[in-house]
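Side-chain atoms are counted along with the backbone in the values below, which use heavy atoms only and exclude waters and symmetry mates.
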Amino acid sequence: MQPPCAPADNLLALDEDLFTAYFDRYPFKIAHSLVGHPLLQLPRLIELARSLGHPILYFRGDHAINQVDDQSGEKRTFVDRKLARPDLSPVETLAQIESCRAWMQLRDVGADPEYAALLAQIIDEFRGPAERVAPGLSAPRADIFVSSPGSTTPFHLDEEHNFLLQIRGSKKLSIADGFNPAVLQPERLRAYFGGSGELAPYAAHLEQHSVHVDLGPGEGVHIPPCHPHWVQNGNEVSISLGILWFSDVTARRRHLYRVNSWLERAGLHPSAPSSSPVSDSIKALPLAVKRRLRRWMRR
């Protein structure tokens, strides 16, 4: 799975035929030219961490891949699981990332104007091919992940369209097939959209249903929505840039699960999302009209 070379005048290299065939369906690699970008170097990230006005997610990097106890009624989020952290502040953790055995997520860095401009430039390069597959690009976000050598990010899923761009160091990703009920049971997906949290149950047999991706500097990978994955960092400090956004496709999925929840609370038994195209279309019609009206008004 080799990515194309990035053109000199672009930040990203996109094979549009590959993008159209695989986007939102299957992981695939791209290339980028962000490795030396000044906003993505450790000294600048330490400065960013000091200035962010919202909490920084960070944990020790030696936690198990599986963080879900199916016998527990607890919410399944990184925060609610209260995973152990280094005995350091976020800024101290970032400054000592080479030795403190941690991983960190600087979330929504577009709150900083310089990072907002970088995000806008990247999204502009994604927008054309992404809109052809999943129109209605909205709420783009940039997250930066910084990890100690050898650290592990537990098995979890994201509902957004997602590209992870490797800036420094290396990592291995195991991306499970979210369309396969052996990986993600309908009940688990229903619970996720009901607010149970992003952590997903993991077992070794899921590797048979997974794509394994090695990322080095200058490479990126597309992680389709609701495809659970875990990450193993290499032998150096890793810095990665995550680019995430919503679309009509992701909004429709969330809406269908929400409508089903309302109907179930009313004592009805609606068909599961994706099991009946006609039923899905009827449930999703108000949302589709609303999103199209919003785009029309913005234009």
Side-chain angles (χ1 to χ4, degrees), residues 1-2 21-29 57 59-84 101 103 105 145 147-164 166 170-216 219-235 238 240 242 244 249-250 253-254 256-257 260 272-275:
M1 192 191 294
Q2 293 300 317
Y22 280 12
F23 179 69
D24 206 38
R25 302 177 184 90
Y26 196 79
F28 64 93
K29 272 189 171 183
L57 198 69
F59 303 101
R60 277 191 355 214
D62 57 355
H63 291 294
I65 298 168
N66 183 42
Q67 289 297 324
V68 171
D69 177 2
D70 279 326
Q71 305 306 312
S72 170
E74 296 177 354
K75 288 195 71 174
R76 298 167 172 176
T77 73
F78 285 111
V79 173
D80 290 307
R81 285 282 296 136
K82 297 182 170 60
L83 299 181
R101 299 185 69 189
W103 67 268
Q105 179 183 7
F145 301 89
S147 307
S148 300
S151 63
T152 300
T153 304
F155 199 56
H156 67 285
L157 66 151
D158 307 292
E159 66 173 297
E160 302 97 330
H161 305 290
N162 186 348
F163 276 88
L164 185 69
Q166 191 68 15
S170 64
K171 58 181 48 171
K172 295 178 182 291
L173 292 91
S174 178
I175 306 170
D177 180 3
F179 298 123
N180 188 334
V183 171
L184 197 60
Q185 296 176 346
E187 294 78 14
R188 176 67 195 103
L189 200 56
R190 176 184 170 192
Y192 171 78
F193 284 106
S196 69
E198 68 274 4
L199 292 168
Y202 174 83
H205 73 85
L206 295 182
E207 298 301 329
Q208 303 169 21
H209 307 291
S210 300
V211 173
H212 303 99
V213 179
D214 293 312
L215 278 190
E219 296 180 321
V221 65
H222 169 53
I223 305 172
C226 297
H227 274 44
H229 53 282
W230 65 277
V231 183
Q232 179 68 58
N233 201 37
N235 296 322
S238 168
S240 307
L244 305 94
V249 172
T250 60
R253 182 185 294 118
R254 172 168 282 276
L256 290 175
Y257 278 97
N260 272 13
S274 301
S275 66

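- Taking every heavy atom of both residues into account, Leu157 and Cys226 meet most closely at CD1-CA, 3.9 Å.
- Residue Phe59 holds its CZ atom at 13.0 Å from OG of Ser151, rounded to the nearest 0.5 Å.
- Considering CG of Leu256 and OG of Ser274, their distance stands at 7.5 Å, rounded to 0.5 Å.
- Under the side-chain contact (heavy atoms from CB on, under 4.5 Å) criterion, Ala191 pairs with Arg188, Ser196, not counting sequence neighbours.
- Every side-chain contact (heavy atoms from CB on, under 4.5 Å) that Asp158 has, sequence neighbours left out, goes to His156, Glu160, Asn162, His229.
- With sequence neighbours left out, the ring pair (Phe, Tyr, Trp, His ring centres under 6.0 Å) criterion links Tyr257 to Phe193.
- Two residues are said to be in side-chain contact when any heavy atoms from C-beta on lie closer than 4.5 Å; His212 and Ser210 meet this criterion.
- Under the rule for a side-chain hydrogen bond (donor to acceptor under 3.5 Å, both in side chains), Arg101 has no partner lying at least two apart in sequence or in another chain.
- Here Arg25 pairs with nothing under the side-chain hydrogen bond (donor to acceptor under 3.5 Å, both in side chains) rule; sequence neighbours left out.
- Shown here are the side-chain contact (heavy atoms from CB on, under 4.5 Å) partners of Thr250, two or more places apart in sequence or in another chain: His161, Pro225, Phe246, Ser247, Arg253.
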Name the atoms and distances for all side-chain donor-acceptor pairs under 3.5 Å in residues 197-205, with sequence neighbours left out.
{"from": "Glu198", "atom 1": "OE2", "to": "Phe78", "atom 2": "N", "distance (Å)": "2.9"}
{"from": "Tyr202", "atom 1": "OH", "to": "Glu207", "atom 2": "OE2", "distance (Å)": "2.6"}

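- In this structure the side chain of Trp103 reaches within 4.5 angstrom of the side chain of Pro154, judged on heavy atoms.
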query = Given Val221 and Val211, is the side chain to side chain contact (heavy atoms under 4.5 Å, CB included) satisfied, shown in steps?
reply = CA-CA 11 Å; Val221 65; Val211 173; over 6 Å; no
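- Contact between Phe163 and His222 at its shortest, heavy atoms only, is CE2-CB, 3.4 Å.
- For the pair Thr77 (side chain) and Asp80 (backbone), a donor-acceptor distance under 3.5 Å is present.
- Applying the side-chain hydrogen bond (donor to acceptor under 3.5 Å, both in side chains) test to Ser240 and every residue at least two apart in sequence or in another chain returns Gln166, Lys171.
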Side chains of residues 175-185: which donor-acceptor pairs under 3.5 Å do they make with residues two or more places apart or in other chains?
{"from": "Asp177", "atom 1": "OD1", "to": "Phe179", "atom 2": "N", "distance (Å)": "2.9"}
{"from": "Asn180", "atom 1": "OD1", "to": "Ala182", "atom 2": "N", "distance (Å)": "2.8"}
{"from": "Asn180", "atom 1": "ND2", "to": "His209", "atom 2": "ND1", "distance (Å)": "3.4"}

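- To the nearest 0.5 Å, the span separating CD on Gln232 from CG on Leu173 amounts to 10.5 Å.
- Partners of Asp62 under the side-chain hydrogen bond (donor to acceptor under 3.5 Å, both in side chains) rule, at least two apart in sequence or in another chain, are Arg60.
- A donor-acceptor pair is defined here as one N or O able to donate and one able to accept, closer than 3.5 Å; such a pair exists between the side chain of Lys29 and the backbone of Asp214.
- Remark: Phe145 engages no residue in a ring pair (Phe, Tyr, Trp, His ring centres under 6.0 Å) (not counting sequence neighbours).
- Asp24 is linked by a salt bridge (charged side-chain N to carboxylate O under 4.0 Å, His left out) to nothing, counting only residues two or more places apart in sequence or in another chain.
- For the atom pair CG (Asn233) and NZ (Lys172), the distance works out to 11.0 Å, reported to the nearest 0.5 Å.
- Side chains of Thr152 and Trp230 form a contact here, defined as non-hydrogen atoms less than 4.5 Å apart.
- Rounded to the nearest 0.5 angstrom, Thr153 OG1 and Gln105 CD are separated by 9.0 Å.
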